[in-house]
Amino acid sequence: MIIGCPKEIKNNENRVALTPGGALELVRRGHTVLVQTGAGRNSGYTDEEYVEAGAEIQSDIESVYARAETIVKVKEPIEAEYSLIRENQLVFTYFHFASSQALTEAMVKSKAVCLAYETVLGPNGSLPLLVPMSEVAGRMSVQEGAKYLEKPAGGRGILLGGVPGVPPARVLILGAGIVGTEAAKMAAGLHANVTIMDINLERLRHLANVLPANVTLVFSNEYNIRRELPRTDLIIGAVLIPGAKAPHLITRQMLSEMREGTVVIDVAVDQGGCIETCHPTTHEDPTYTIDGVIHYCVANMPGAVPFTSTLALTNATFPYLLQIAEKGWERATEENAGLKEGLNIVRGEIVYREVAEAFEHLVA
Ligand SMILES: NC(=O)c1ccc[n+]([C@@H]2O[C@H](COP(=O)([O-])OP(=O)(O)OC[C@H]3O[C@@H](n4cnc5c(N)ncnc54)[C@H](O)[C@@H]3O)[C@@H](O)[C@H]2O)c1
């Protein structure tokens with residue numbers, strides 16, 4: 001099979017969908033790998049490393065799309081790429097169709113096969129191609145929080161872990177899923193005083209057995225959140241209700257109960273955020289302040305740490321890519337029910353229910 005890996009062109013996207021290690025595995029099995037020049041640069045991989053692995057470097061994006069049977073990417077195609085995608089070509093990437101009508105229309109029109117990372121299912125109903133990015137964002141949320149808590153950054157001027165004789169900062173984490181648990185581990189490791197809240201009692205029970213003693217597990221409700229606000233230094237929003245907007249657990253009015261210089265890292269911003277005053281920001285301009293509370297709401301946090309995120313993502317995606325290369329997408333999805341769930345659009349037909357429901361006018 002001919003597999004093409006273009007350079008990501010979405011603003012500030014530094015990840016690459018295939019590492020030289022992945023290219024080597026594919027080439028060894030007799031496949032042809034095309035990599036656009038510079039595709040791996042921002043993740044630490046040179047063109048020479050891909051060539052050493054047996055890949056062919058292509059000087060422009062057009063030739064990657066023109067020759068490849070399968071395109072492997074990180075972010076959804078942007079407008080400049082729509083016309084490059086060909087009938088019957090398989091595109092394996094994050095799409096998030098429900099949030100973009102233009103992308104959905106373009107992919108229906110292209111008659112390509114769109115296999116979306118975000119809907120591939122793991123054996124236990126998990127989302128194996130979303131988990132690694134939640135792990136990155138969860139861990140990163142604490143280091144971003146620590147940074148903005150410093151006085152010159154506008155924060156209260158408190159060190160997360162304190163020092164002997166001085167109490168640590170208090171961290172409140174809303175949601176104890178992947179993001180929340182990774183955040184709790186990092187904050188606890190820095191010796192902060194951590195409270196993590198969730199509505200899933202089974203989850204709280206499990207975490208009580210595995211998280212250290214400086215993490216307190218509390219059932220999430222308005223009363224318990226309100227009690228924490230006046231004494232919390234850093235809040236991390238990590239709530240998810242699948243398929244729905246995140247609930248606003250902290251309303252605009254509740255900001256007045258928080259101290260000046262408190263920092264909120266709302267990781268759930270991509271689902272609307274769990275603080276009412278959240279709106280998406282970028283890595284160039286990540287924060288804004290309302291009522292003295294610093295808001296950090298970057299919607300693609302993992303993009304800032306591509307050396308880590310590329311490996312975390314490709315560790316998870318590569319086994320699927322290999323199945324596709326070895327069997328072709330039709331047999332690979334036939335034999336792997338979880339991978340089949342990734343099929344969103346097949347040759348002009350929307351086959352994923354939620355996407356079809358979101359764009360009924362595109363369904364034949
Ligand atoms: N900003 C970014 O760059 C970035 C990166 C990765 C993930 N995310 C987002 O972070 C969010 C969390 O992702 P995840 O993988 O941890 O999800 P997850 O499903 O693993 O965890 C979500 C948790 O929220 C809990 N929850 C639901 N309602 C709640 C409530 N009222 N109070 C407290 N907890 C509640 C659920 O029980 C669950 O444990 C998602 O919106 C995800 O898209 C953002």
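First listed ligand is number 1; within each ligand, the first listed atom is number 1.
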Quick check on contacts: which atoms of ligand 1 are under 4.0 angstrom from a heavy atom of [X]?
{"X": "Gly177", "result": "16 (O), 18 (P), 20 (O), 21 (O), 23 (C), 39 (O)"}
{"X": "Met197", "result": "33 (C), 34 (N)"}
{"X": "Val298", "result": "1 (N), 2 (C), 3 (O)"}
{"X": "Gly175", "result": "24 (O), 33 (C), 34 (N)"}

Which protein non-hydrogen atom lies closest to [atom], naming both residue and atom, and how far is it?
{"atom": "atom 5 (C) of ligand 1", "value": "Ala137 CB, 3.4 Å"}
{"atom": "atom 32 (N) of ligand 1", "value": "Ser220 OG, 2.8 Å"}
{"atom": "atom 27 (C) of ligand 1", "value": "Leu240 O, 3.6 Å"}
{"atom": "atom 4 (C) of ligand 1", "value": "Val267 CG1, 3.7 Å"}
{"atom": "atom 16 (O) of ligand 1", "value": "Val179 N, 2.8 Å"}
{"atom": "atom 11 (C) of ligand 1", "value": "Val239 O, 3.9 Å"}
{"atom": "atom 38 (C) of ligand 1", "value": "Asp198 OD2, 3.5 Å"}
{"atom": "atom 7 (C) of ligand 1", "value": "Ser134 OG, 3.5 Å"}

Practice task
Any chance you could measure Glu13, atom CD, to Asn300, atom CG, to the nearest 0.5 Å?
Solution key: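 If we round to the nearest 0.5 Å, Glu13:CD and Asn300:CG are 6.5 Å apart.
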Problem - Heavy-atom closest pair, residues Ala17 and Cys5 - result: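 Residues Ala17 and Cys5, closest heavy atoms: N-SG, 4.2 Å.
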Problem - Heavy-atom pair of closest approach, residues Ile85 and Pro77 - result: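 Residues Ile85 and Pro77, closest heavy atoms: CD1-CG, 3.8 Å.
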Problem - Ring centres under 6.0 angstrom apart (Tyr352, Phe97) - result: no
Could you see which bit of [X] sits under 4.0 Å from ligand 1, with heavy atoms only: side chain, backbone, both or neither?
{"X": "Val136", "result": "neither"}
{"X": "Met301", "result": "both"}
{"X": "Asn300", "result": "backbone"}
{"X": "Ala299", "result": "backbone"}
{"X": "Ala238", "result": "backbone"}
{"X": "Asp270", "result": "side chain"}

Does an N or O anywhere in [X] fall below 3.5 Å from an N or O of ligand 1?
{"X": "Pro247", "result": "no"}
{"X": "Ala268", "result": "no"}
{"X": "Gln271", "result": "no"}
{"X": "Pro302", "result": "no"}
{"X": "Leu174", "result": "no"}
{"X": "Ile178", "result": "yes"}

Handout entry: Remaining members of hydrophobic cluster (4.5 Å side-chain criterion), Leu24
Key = none
Practice task
Kindly indicate whether the side chain of Leu34, heavy atoms from C-beta on, has any atom under 4.5 Å from the side chain of Ile3.
Solution key: no
Exercise for the section: For residues Ile250 and Val264, determine if any side-chain heavy atom of one lies less than 4.5 Å from a side-chain heavy atom of the other. Expected result: no
Would you say the side-chain atoms of [X] pair up with the backbone N or O of [Y], donor to acceptor, closer than 3.5 Å?
{"X": "Asp266", "Y": "Cys274", "value": "yes"}
{"X": "His295", "Y": "Val293", "value": "yes"}
{"X": "Thr281", "Y": "Cys297", "value": "yes"}
{"X": "Glu354", "Y": "Ala98", "value": "no"}

Exercise for the section: Evaluate the side chain to side chain donor-acceptor pair (under 3.5 Å) criterion for residues Asp60 and Ser63: first the C-alpha distance (whole Å), next the side-chain angles of each, then the deciding distance (0.1 Å), finally the verdict. Expected result: CA-CA 6 Å; Asp60 53 72; Ser63 43; 2.9 Å; yes
Practice task
Flag the pair Glu25 and Arg29 as a salt bridge only when some basic side-chain nitrogen lies within less than 4.0 angstrom of an acidic carboxylate oxygen.
Solution key: yes
Practice task
Could you pull out all residues at least two apart from Glu69 that satisfy side chain to side chain contact (heavy atoms under 4.5 Å, CB included)?
Solution key: Met1, Ile2
Problem - Test item: side-chain donor near acceptor, Glu8 and Asn14, under 3.5 Å - result: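 Short answer, no.
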Exercise for the section: Please verify whether a non-hydrogen atom of Asn221 lies at under 4.0 Å from ligand 1. Expected result: no
